[in-house]
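The structure appears below as structure tokens.
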Amino acid sequence: NGALLSEADKTRLRALNEEQSNLVTKFQERALKDVNDSALVIDHVEDLKGLTEGDIASAAEAAKARKLDGKWVLPLQNTTGQPMMAKLANRAVRERLYRASIARGTRGNDYDEKAIIARLANLRAERAKLLGFPDHATYTLDDQMAKTPAAVSKLLDQMTRAAVTAANAQAKEMQALIDAEKGGFKLQPWDWDFYSEKVRAAKYALDESQIRPYFELDHVLNDGVFFAANKLYGLSFKERHDLPVYNPDVRVWDVFDKDGKQLAVFIGDYYARSNKRGGAWMNEYVSQNGLLGTHPVVANHLNIPKPSQGEPTLLTFDEVSTAFHEFGHALHGMFSHVTYPRFAGTNVPLDFVEYPSQVNEMWATWPEVLKNYAKHYKTGEALPQALLDKVLATQKFNQGFATTEYLGAALLDQAYHQIKPDQAPSADKVLDFEAAALKKVGLDYAPVPPRYRSTYFSHTFAGGYSAGYYAYIWSEVLDADSVEWFKQNGGLKRENGDHFRDTLLSRGGSEDAMVLFKNFSGKEPYVQPLLERRGLTAAAPATAAK
């Protein structure tokens, strides 16, 4: 379209792109400052009842870092839900933590994001119109695997019906528990995680603290993540201590291919820091380049709370899964074998990029892998089978909540980007726009707010996922289908890894994403395996993902 634009339109397009770039930077800067500014300060240690001694010690250290000796600080993560809400017994403190979380970007201070959101929605719509598209979502999806907003909406709508039905059923279970305890209140968002854990404990007799001692970071990495990569692809790893790093906690490994030749350099940045953005992600600092012969330098960045000095880094099962997930991205970058860097590694459509990383999560619970890394950090005892069975049994637990909160964010993203320029909200109407968008699609379910509200939704307003946040679940459809392929073909075998690598991982974005998927699996993807994985099959029929 650019070649057909008039000089005036080209000038306008450059101005819109420059303004968007500036606004995206401002949004991210404000989001980071506000997440730090919004940390919850606790005056009395008794208000932290329910937290472990380690949690309390970390909160005390966080307070000292802010020169608040004698107090405790609960830092926020970028999501709406906060991990400590699952533990805090004091309901009033849970509510304070929740309200601090959802208030980010709305408080009318220097970190307020509403005007930036309003302007970004408007200028993205204007730019799409200038380029000949009806809206920004259509423009963005034109070169994605999904192709159209209609295809995205079809998938999300189907998942919505199933997810909200399941969330309602879960809410009734928790309300019954609240009533049995004579709580005298109606389930609220700040209660969900706390009572969900109680229901989980009652159903499965599983406490997260029971399994964390078996998931020590070094064991997870060396005996889990790297072990699986060796079995599946023949990779080996050697840690280096002679290279400069930007933080003392950052680690570096040489990665060697199945023929013994160096394939890549891998960087691991696992701990949370006050100046580090939230979440987890992979970076390609150097991409594979067939023209110049460069090899990949890739990194995984997580936000695991750093333990007190001398204490081991014990992970939750979610953090273990995240480590495997992000290494799936790293493999995508390491295995790249294309001529042009434009198509190297993870330079693929957004709704395809999460797929290989989600597939890699399957090895976290594969028996051979799990047996190798899930060992008690003190005794070396393997994770007991009975405890493992409980962990696996909980995988479908709370999926109504998890899917609903994700879909809330995904559909908000679409709502902001399926509009024309004159339909963009003004700054003072951003929160009204959000509420109306959730109501329209049946996700205005008060106990389960979106995983990200508009004012701290960095994925869509600062992280390159505008009109693309749906990609996680689109990719998970591909993932669940592929997991079935691996299971049907013998699982953790070199020939399976080589097939996945040769037909898909090594190809980057050099071929159409659907073609790559078919080359690997031999068919088009279906949503049914994902619905079954999440325990949502009762509310939604099998439907092709195409």
Side-chain angles (χ1 to χ4, degrees), residues 1-35 37 78 104-144 149 152 275 277-279 281 283 342 347 349-350 353 409-434 436-437 450 452-471:
N1 285 342
L4 303 178
L5 295 176
S6 68
E7 287 304 315
D9 285 343
K10 290 180 181 177
T11 299
R12 179 59 181 158
L13 182 61
R14 285 192 292 270
L16 291 173
N17 286 336
E18 182 178 355
E19 184 179 1
Q20 176 179 238
S21 179
N22 291 335
L23 289 175
V24 161
T25 299
K26 286 182 180 178
F27 186 99
Q28 188 59 42
E29 288 174 348
R30 292 184 182 187
L32 179 59
K33 290 177 180 177
D34 207 12
V35 78
D37 186 65
N78 195 43
R104 284 172 289 151
T106 69
R107 297 182 291 164
N109 57 10
D110 290 342
Y111 311 136
D112 198 283
E113 304 275 29
K114 296 192 295 293
I116 291 178
I117 290 169
R119 182 59 186 146
L120 279 172
N122 176 270
L123 72 85
R124 285 171 176 172
E126 182 182 347
R127 183 180 62 175
K129 182 179 179 181
L130 193 63
L131 292 171
F133 294 90
D135 52 59
H136 179 73
T138 304
Y139 162 69
T140 298
L141 293 168
D142 187 58
D143 61 355
Q144 299 300 301
V152 173
N275 62 346
R277 71 177 173 92
W281 67 98
N283 270 348
R342 163 67 178 81
N347 288 310
L350 275 179
V353 73
L411 285 157
L412 272 181
D413 176 38
Q414 290 298 310
Y416 280 108
H417 296 119
Q418 289 187 17
I419 57 175
K420 294 178 171 54
D422 61 355
Q423 296 174 320
S426 57
D428 62 335
K429 296 296 184 182
V430 161
L431 298 184
D432 292 337
F433 181 91
E434 176 183 289
Y452 301 98
R453 293 193 70 196
S454 307
T455 51
Y456 46 89
F457 198 174
S458 294
H459 284 78
T460 193
F461 293 116
Y465 273 76
S466 60
Y469 191 66
Y470 78 93

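Residues take their numbers from the sequence shown, with the count starting at 1.
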Nearest non-hydrogen partners of [X] and [Y], listed with the distance:
{"X": "A125", "Y": "I419", "answer": "CB-O, 3.5 Å"}
{"X": "Q414", "Y": "G468", "answer": "NE2-N, 4.4 Å"}
{"X": "A415", "Y": "A437", "answer": "CB-CB, 3.6 Å"}
{"X": "L141", "Y": "A467", "answer": "CD2-O, 4.1 Å"}
{"X": "T455", "Y": "G105", "answer": "CG2-O, 3.5 Å"}
{"X": "A118", "Y": "A424", "answer": "O-CB, 4.2 Å"}

Q: Just jot down the ring pair (Phe, Tyr, Trp, His ring centres under 6.0 Å) partners of Y416, sequence neighbours excluded, or say none.
A: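 With neighbours one apart ignored, the set is F433, F461.
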Q. Sequence neighbours excluded, which residues qualify as ring pair (Phe, Tyr, Trp, His ring centres under 6.0 Å) partners of H136?
A.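 Residues passing ring pair (Phe, Tyr, Trp, His ring centres under 6.0 Å) with H136: Y139, H417.
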Side-chain heavy-atom pair [X], [Y] within 4.5 angstrom cut-off:
{"X": "P425", "Y": "D432", "result": "no"}
{"X": "Q20", "Y": "L120", "result": "yes"}
{"X": "L431", "Y": "R453", "result": "yes"}

Q.
Can you list everything that forms a salt bridge (Lys or Arg N to Asp or Glu O under 4.0 Å) with D37? Sequence neighbours excluded, please.
A.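 Partners of D37 under the salt bridge (Lys or Arg N to Asp or Glu O under 4.0 Å) test: R107.
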Q) By salt bridge (Lys or Arg N to Asp or Glu O under 4.0 Å), which residues pair with R104, not counting sequence neighbours? A)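 For R104 there are no salt bridge (Lys or Arg N to Asp or Glu O under 4.0 Å) partners, ignoring immediate neighbours.
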Q: Output all residues satisfying side chain to side chain donor-acceptor pair (under 3.5 Å) with R127, sequence neighbours left out; order by chain, then residue number.
A: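 N17.
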Q: Under the side chain to side chain contact (heavy atoms under 4.5 Å, CB included) rule, what do L350 and Y465 come out as? Steps first, then yes or no, please.
A: CA-CA 8 Å; L350 275 179; Y465 273 76; 3.8 Å; yes
Q: Carefully, step by step, assess Q144 and Y470 under the rule side chain to side chain contact (heavy atoms under 4.5 Å, CB included).
A: CA-CA 11 Å; Q144 299 300 301; Y470 78 93; 3.8 Å; yes
Test of understanding: with side chain to side chain contact (heavy atoms under 4.5 Å, CB included), list the residues that count as partners of [X], not counting sequence neighbours.
{"X": "S426", "answer": "D428, K429"}
{"X": "D9", "answer": "L5, S6, L130"}
{"X": "T138", "answer": "F133, P134, D135, P149"}
{"X": "K420", "answer": "D422, Q423"}

Using atom types as modelled, flag every donor-acceptor pair under 3.5 Å from a side chain in residues 21-28 to any protein atom, sequence neighbours excluded.
| residue | atom | partner | partner atom | Å |
| --- | --- | --- | --- | --- |
| N22 | ND2 | E18 | O | 3.4 |
| T25 | OG1 | S21 | O | 3.1 |
| Q28 | OE1 | S458 | OG | 3.4 |

Q | salt bridge (Lys or Arg N to Asp or Glu O under 4.0 Å): pairs with one or both residues in residues 456-470, sequence neighbours excluded | A |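 Qualifying pairs: none.
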**Q.** Pairs involving residues 113-125, ordered by first then second residue, that meet salt bridge (Lys or Arg N to Asp or Glu O under 4.0 Å) (sequence neighbours left out)
**A.**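 Of all non-adjacent pairs touching residues 113-125, those that pass salt bridge (Lys or Arg N to Asp or Glu O under 4.0 Å) are E19-R119, D112-K114.
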Q.
For Y452 and H459, take the angle between the two ring planes, folded into 0 to 90°, and tell me which bin it lands in: parallel under 30, tilted 30 to 60, perpendicular over 60.
A.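 Ring orientation, 0 to 90° scale: tilted.
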**Q.** Side-chain ion pair, K10 and E7, N-O less than 4.0 Å
**A.**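 E7 and K10: salt-bridged.
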(Q) Nearest 0.5 Å, please: how far is CG in N275 from NZ in K33? (A)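 Going from NZ on K33 over to CG on N275, the span is 12.5 Å.
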Q) Is it true that a side-chain atom of D413 and a backbone atom of Y469 form a donor plus acceptor pair closer than 3.5 Å? A)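 Flag set: sc D413 to bb Y469 pair under 3.5 Å.
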